[in-house]
Number of protein chains: 2
Amino acid sequence: METCPKCATPTSVIRAGMIRGKVRFYCKSCDYHFTQEHSLKPSPQKQVHTTIKDIAQLMGVSIATVSRALNNKTDISPNTRDAIQKLALELDYNPNLFAKGFQRGETKTIGVVIPNIKRPFFAGVLSGIQEVANDHGYRVMICQSNESYETEVTNIQGLLASHVDGLLISHSKETTRFNQIKNLFDKGLPMVHFDRICTEVETPKIRQEDFEGAYQLVEHLIQQGYQRIAILAGPPELLISQKRKEGYINALEKHGLPLKPEYMAHGDFSKEFALASVDAWQKLPEPPDAIFAIHYLNAVEIIQYSKELGIEIPKQLGIVGFGDEYLAEIIEPALTVFHLFPQKVGEVAASLLFDVISKKHASQQEDVLVQGQLIIRKSSLKKA
Amino acid sequence: METCPKCATPTSVIRAGMIRGKVRFYCKSCDYHFTQEHSLKPSPQKQVHTTIKDIAQLMGVSIATVSRALNNKTDISPNTRDAIQKLALELDYNPNLFAKGFQRGETKTIGVVIPNIKRPFFAGVLSGIQEVANDHGYRVMICQSNESYETEVTNIQGLLASHVDGLLISHSKETTRFNQIKNLFDKGLPMVHFDRICTEVETPKIRQEDFEGAYQLVEHLIQQGYQRIAILAGPPELLISQKRKEGYINALEKHGLPLKPEYMAHGDFSKEFALASVDAWQKLPEPPDAIFAIHYLNAVEIIQYSKELGIEIPKQLGIVGFGDEYLAEIIEPALTVFHLFPQKVGEVAASLLFDVISKKHASQQEDVLVQGQLIIRKSSLKKA
DNA sequence: ATGAAAGCGCTAACAG
DNA sequence: CTGTTAGCGCTTTCAT
């Protein structure tokens, strides 16, 4: 309470509005009006965060008033509002977003689970997600599974404990059981799958042109005159692996080329496996004259290795891959690829998630295909 | 309240302990004991999150008891504890970490501000940060400044609003004003700088061997017999740019080579600038016979461009760079680099931050140097 | 136009 | 051993 500067009676003083950031008081006993600066900066504020309570005390108003002022609500006098906003600025107050979300039961945070940040594809996706999330006023929490199912489960558990408002997932290559995901989906947690999707749950899924890209790559090889095309695929359980293989098979069939099991290798994307496959193929009575590596890094490794072996590219061996990095352009001969657009994938995935979140219903099956692009370079130009 | 199954009087029934997950009741009016299953799963729980309140109601105990049970506190009977934990498991309850941190005034979240996730260096750093944060039970919130000062300020503001418990920062290349950072530091927010550090605030800083690496690279060039070594540096304001240039200058001086201003270019890391510099150097009466590009991508670009121009590497022109990517190994000729260890940088930065956080004091100046490694490849081997 | 009070999920005294 | 209560920062009725 204030003390009247005239009669020194504290009890009879009441606040009587505000004027230019100063609080006006009125002493009932001596009928006297006076103003007073709010006692600003009581101590060099050593706390990291200012709260509305701090502001309220400094201003001599209630926290409710401060809240109203800071949120530009209607029921508030412009004077008070301005004064409070000015003070808030001075104290560089920023609201505790979690306290804010607390009541609404939301955190304005989404969770992302990916196999590995370091892989350029996922880094690109993240970048896209970030951007869209920012635009929507959401923050992003990222977890890496490192391709381990167990870690993935733990990650999701952790994100859940953080009460994320939604989840974006690309599964580890180990993941084959989806009950955790299914469970969350059933509980109504907004969720979107991308890249390494899961068909057992009816979430929206962002796919890329795995089938289409593979088809185009292989068709391009055929048009260049390659006849014995091998595929270096990934783990058979992985959907992208299946899809790309399907595209490969389809292209061969469409063009009347035989399907030879000995030309199809399923590996783990490792360099060792890639080189071993090349070795194995070279020992065949009829070695392949082109290789489609579904993982771009394997394609690059094969180019390097082939050069070591003295195999001429693209003359003796054509090579194409999936996914475009700077690397594909730099290596010699430059690698023909089906370019994916990781950033775009992230953007689309995040947008879709926010759709689901805002509609406040469980995710609806809704597949989106992010288009890719065939980029032809030297590694497959037999005719040139 | 429960109703006595014998006398149907609800008012006189009291809880009388627990047995095997069932609640025991005692009816005072008819002196009758009975047990009852907690009325599990009242509806197929359609809410995403179970709360301790839900559990408390189902078990017929107070929320305090549930809290104690779930946190393995002492003052609780094993029976009750086990029953509660079992139920919590069934309902797959997980605590709202934010509500938990709310009182303690902490969020168990740290913020990271970097220029760009997509750059392999930062992706590596992030990976290291993630790992350490996970071990400490912290979550990570990532923001990209996209090399914009304004975005950086907004990002930090946002992280602050999220009440992160600490901050890891690598500044944008535009950033030259640090009052925001200084302000937060003064308020006691735990903070650690890495890579793009800022000398104006006494935070712990994770540096890399910028000076040392540059020195080693240039010395190596000199030992290979190169005499006219040019440097393609970055923005002069950028500390890593300064440090690497100092290393360059020092090595030249140590070996009695002249410093020629026309051999020193300050650019923005763009490809255009890199190629333009090469052009300019070639037009000199005495063109350089080696180039030290402080950014590895520029080094790669210069190799490509030199080949186009018909300049022989390493014979006519030696090239070395900073930072090692797969690219450096793949390009022909392979690039001599000073290898940085991004993951390590992330790990060290995060560890240091958690030190500061746990000690609950403002960050103390404490510099850590993450060691790098000279990797010699063909692009600089004039003698070979 | 403003204040008082409840409540979001949880923990931590304080009582029994 | 267990229940009651206050409070973290904020919004939101409900009074005034």
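Below, chain A is the first sequence line, B the second, and so on; all start at residue 1.
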What do you reckon, are the aromatic ring centroids of Phe98(A) and Phe102(B) less than 6.0 Å apart? no
Using whole Å, report how far CG of Leu91(A) lies from P of dG9(D). 15 Å
Identify whether any heavy atom of Ile52(A) sits under 4.0 Å from a base atom; if not, whether one sits that close to sugar-phosphate; answer base, sugar-phosphate or nothing. base
Taking only N and O in the side chain of Thr51(B), is any of them less than 4.0 Å away from OP1 or OP2 of dG9(C)? no
Are Arg81(A) and Lys73(A) packed together at the side-chain level, in the sense that at least one heavy-atom pair is separated by less than 4.5 angstrom? no
Pairs: protein N or O with nucleotides 12-16 of chain D N or O, under 3.5 Å:
{"residue": "dT12(D)", "atom": "OP2", "partner": "Lys73(A)", "partner atom": "NZ", "Å": "3.3"}

Is there a donor-acceptor contact under 3.5 Å from the side chain of Gln144(A) to the main chain of Ile114(A)? no
Whole-Å distance separating the NE2 atom of His163(B) from the P atom of dG9(D): 8 Å
What is the distance from CD1 of Ile84(B) to C1' of dG3(D), rounded to the nearest Å? 12 Å
Starting at the 5' end of DNA chain C and moving along, which residue's nearest nucleotide shows up first, Asn96(B) or Thr74(A)? Thr74(A)
Whole-Å distance, Asn71(B) CG to dT11(C) P, equals 5 Å
Can you tell me the distance, in whole Å, between the CZ atom of Phe98(B) and the C1' atom of dC8(D)? 15 Å
Would you kindly give the CG-to-P distance between Leu70(B) and dA12(C), to the nearest whole Å? 13 Å
Side chain to side chain, Thr65(B) and Thr80(B), heavy atoms closer than 4.5 Å: yes
Is the ring pair His171(B)/Phe178(B) parallel, tilted or perpendicular, if the boundaries are 30 and 60 degrees? perpendicular
Check the distance between dG9(C)'s P and Ile55(B)'s CD1 and give it to me in whole angstrom. 12 Å
Worked check of salt bridge (Lys or Arg N to Asp or Glu O under 4.0 Å) between Asp165(B) and Arg139(B): CA-CA 10 Å; Asp165(B) 296 340; Arg139(B) 280 145 297 144; over 6 Å; no
Check every atom of dC1(D), dG9(C), dT2(C) against the side chain of Pro78(B) and return the nucleotide holding the closest atom. dC1(D)
Shortest side-chain distance from Lys100(A), nucleotide among dC10(D), dC1(D), dC8(D): dC10(D)
Given dC1(D), is OP1 or OP2 found less than 4.0 Å from the side-chain N or O atoms of Thr65(B)? no
Overall bend - the helix from dA1(C)-dT16(D) to dG16(C)-dC1(D), comparing terminal axes fitted on five pairs, nearest 10 degrees: 50°
Is a side-chain N or O of Ser162(A) found less than 3.5 angstrom from the main chain of Val164(A), in a donor-acceptor match? no
Closest non-hydrogen atoms of Ala133(B) and Ile110(B), given as atom of the first, atom of the second and distance, are CB-CD1, 4.4 Å
With a 4.5 Å heavy-atom cut-off, do Met141(B) and Thr109(A) have their side chains touching? yes
Examine distances only and state if a side-chain atom of Thr151(A) and a backbone atom of Asn146(A) form a donor-acceptor pair shorter than 3.5 Å. no
Distance in angstrom units between Ile76(B) CD1 and dA12(C) P, rounded: 14 Å
Measuring from the side chain of Ser77(A) (C-beta onward, heavy atoms only), which nucleotide among dC10(D), dA1(C), dG9(C) has the closest atom? dA1(C)
